[in-house]
Protein chains: 2
Amino acid sequence: MTGTTSAVPSRSDAVRNRRLLLDAAAAMFAEHGVEVSIGEIAQRAGVGKGTVFRHFSSKDELLAAIMLGMLGELLDTGTALLTADDPGTALREFMAAGVELFVRDRAFCEVIGRPSLQHAEVRDAIDRLRDVAEGLTARARHQGVVRPDVTGTDVVLLLAGIQHTAAPLLVTEPQAWRRYLQLALDGITTQTGRSLPYPPPSRLPLAPADTDQAR
Amino acid sequence: MTGTTSAVPSRSDAVRNRRLLLDAAAAMFAEHGVEVSIGEIAQRAGVGKGTVFRHFSSKDELLAAIMLGMLGELLDTGTALLTADDPGTALREFMAAGVELFVRDRAFCEVIGRPSLQHAEVRDAIDRLRDVAEGLTARARHQGVVRPDVTGTDVVLLLAGIQHTAAPLLVTEPQAWRRYLQLALDGITTQTGRSLPYPPPSRLPLAPADTDQAR
DNA sequence: ACCAAAGCGGACCGCACGGTCATGTTGGGG
DNA sequence: CCCCAACATGACCGTGCGGTCCGCTTTGGT
């Protein structure tokens, strides 16, 4: 389901090394963020630095391959939940899965939060994720458990926000994000006589070009 | 009120250059984050690179000086609001000021969010901020407009979270954070029969040492 | 068993960064 | 006006990064 970025090689040692590399990179990115060096990843995988660039044309390509995998999983989870019985708990479970993904993977947070360094495919995946979230939110809205003016884009944005709220506590209290997820859920739940002060964003901007203008 | 990190120099050209440097660094850090190079800051200030290190012993020192200034302002705002008439709107205004600070300054987000690279003085300032937030929250709680199990630490954490929620929209919709601030406020507001699933964090960890373990 | 092609590895390149230093310049007290 | 201490400067250094390249090894078809 997740189209790999580069073609998968034919020789046995190559496919084995590719697996080792993907696993090592996923672990290192998750633990240390996008700043880990290619050398460290290669070392962890037990291969030479050159081998990394044989399998992935650049560091960005490697990063994108892993991010796409994770986004694909979340997308599948969300799609499955679209046909769940209770729309309210379905939305809740989707958000829990999303926040947990952010919490577990530091690079994931950094990539999603800074669209400037995003691959086109990653942006597409996020767009599809937004669609799924839109569906889940619409169902919950129809059931009346969610405010009428809350959108799927809101939900996706909140995932990153909740993770970031609990981030400083992550080491000492790894489960604290559940507290802030509930807080957010209570915020988007139907409340009498309350409205949000700013119109819902129509869509995620394609590539905000970061805040950096050309130097 | 804000104790500068290094002693302020005596000669007139030195004090002028120090001002230029602080202004340039503040602008650059706000716009591009902590990653801006000393060279770029010096260029913007119209001085040589060496001059930067004459005034601040390291890049971290310069960064800390600016962060302390901003934290001081927010601290003053919060302290003033402690004696405001309506505790509910006081808390709201404090949070609005806090989020706006995050939104305006990229380096501020990065420093607050990654305690590993924090100066001791910065951590102290954040602690004092937490105390002020505790006071504001307690007042609002006594008035009954805020959940009994929401703490000042929650409020401080939410500031960063709200900014991060709206971050991807910042370029296209700079005011979107107000939407998510309201959402968070609705979340922490008194609601019948709802409770948070995770106990309130007692305090911010002092220095979570990042997620990086020694290499 | 052989061999071409595919894969591997690590020395190597160019670059940008934070920080230092020797040299030249300037301000302001006497 | 003079002089020296305080200051400014940019060439320079060490380091670590992403990415390249070429000689060697392994694989798998014949």
Side-chain angles (χ1 to χ4, degrees), chain A residues 4-25 28-29 32-66 107 110-111 114 116-119 210 212 214-215, chain B residues 4-25 28-29 32-66 107 110-111 116-117 119 210 212 214-215:
Chain A
T4 10
T5 310
S6 343
V8 48
S10 49
R11 254 171 65 168
S12 63
D13 56 344
V15 303
R16 193 199 56 212
N17 277 341
R18 190 188 168 89
R19 256 268 68 81
L20 287 173
L21 258 167
L22 281 170
D23 291 348
M28 293 296 275
F29 279 138
H32 307 289
V34 299
E35 300 273 331
V36 280
S37 71
I38 292 287
E40 284 174 309
I41 293 173
Q43 193 175 348
R44 168 133 180 181
V47 302
K49 206 170 86 171
T51 305
V52 180
F53 290 99
R54 165 160 299 272
H55 289 279
F56 304 92
S57 60
S58 74
K59 188 183 179 180
D60 282 348
E61 209 75 29
L62 171 58
L63 184 61
I66 290 169
E110 294 166 4
V111 169
R114 208 163 318 170
S116 73
L117 44 82
Q118 272 174 210
H119 227 251
D210 220 333
D212 297 336
R215 307 205 166 167
Chain B
T4 10
T5 310
S6 345
V8 47
S10 49
R11 254 172 62 170
S12 64
D13 56 344
V15 304
R16 192 198 57 212
N17 277 341
R18 190 189 169 89
R19 256 267 69 82
L20 287 173
L21 258 166
L22 281 170
D23 291 347
M28 293 297 274
F29 279 138
H32 306 289
V34 298
E35 301 273 332
V36 279
S37 71
I38 292 287
E40 285 173 307
I41 292 173
Q43 192 175 348
R44 166 131 181 184
V47 303
K49 204 170 85 172
T51 306
V52 180
F53 290 99
R54 164 162 302 275
H55 288 279
F56 303 92
S57 59
S58 75
K59 187 182 178 181
D60 282 347
E61 210 75 29
L62 171 57
L63 184 60
I66 290 169
E110 294 167 2
V111 169
S116 74
L117 44 81
H119 228 249
D210 220 331
D212 297 336
R215 306 208 167 164

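Because only heavy atoms are used, hydrogens play no part in the values below, and waters and symmetry mates are left out as well, while side chains stay in. Chain letters run A, B, ... following the sequence lines, proteins first, then strands; residues in each count from 1.
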- Task: Sugar-phosphate atoms are those with a prime plus P, OP1 and OP2; base atoms are the rest. Using that split, label each nucleotide of nucleotides 23-30 of chain D B, S or - for protein heavy atoms under 4.0 Å, 5' to 3'.
- Result: ---BSS--

- Close side-chain approach of A/Phe56 and A/Arg18, heavy atoms under 4.5 Å: yes

- Item | Check: A/His55 and A/Glu61 side chains under 4.5 Å, non-hydrogen atoms | no

- Note on the structure: Residues at least two apart in sequence or cross-chain that pass side chain to side chain donor-acceptor pair (under 3.5 Å) with A/Arg16, listed by chain then number, are none

- Grab the two heavy atoms, one from B/Val15 and one from B/Ser10, that are nearest each other, plus how far apart they are. CG1-O, 4.4 Å

- Item | Exercise: identify the closest heavy-atom pair between B/Lys59 and B/Val34 | NZ-O, 2.9 Å

Taking [atom1] from [X] and [atom2] from [N], how many angstroms apart are they, rounded to a whole number?
X	N	atom1	atom2	result
B/Arg54	C/dT25	CZ	P	16 Å
B/Phe56	C/dG18	CZ	P	15 Å
B/Glu35	D/dG16	CD	P	16 Å
B/Phe53	C/dA22	CZ	P	17 Å
B/Glu61	C/dG18	CD	C1'	14 Å
A/Arg19	C/dG7	CZ	C1'	18 Å
A/Glu40	D/dG16	CD	P	11 Å
B/Ile41	C/dC17	CD1	P	11 Å

- Item | Spacing of CG belonging to A/Leu21 relative to CG belonging to A/Asn17, to within rounding of 0.5 Å | 6.5 Å

- Listed by chain and number, what are the side-chain contact (heavy atoms from CB on, under 4.5 Å) partners of A/Arg11, not counting sequence neighbours? A/Asp13, A/Ala14

Under 4.0 Å from OP1 or OP2 of [N]: is there any side-chain N or O of [X] that close?
X	N	value
B/Ser37	C/dA16	no
B/Asn17	D/dA8	yes
A/His55	C/dC8	yes
A/Lys49	C/dG9	no

- Return the nearest nucleotide to the side chain of B/Ile38; candidates are D/dG18, C/dG18, C/dG7. C/dG18

- Where each residue is assigned the nucleotide of DNA chain C containing its nearest heavy atom, which of A/Thr51 and B/Gly50 is assigned the position nearer the 5′ end? A/Thr51

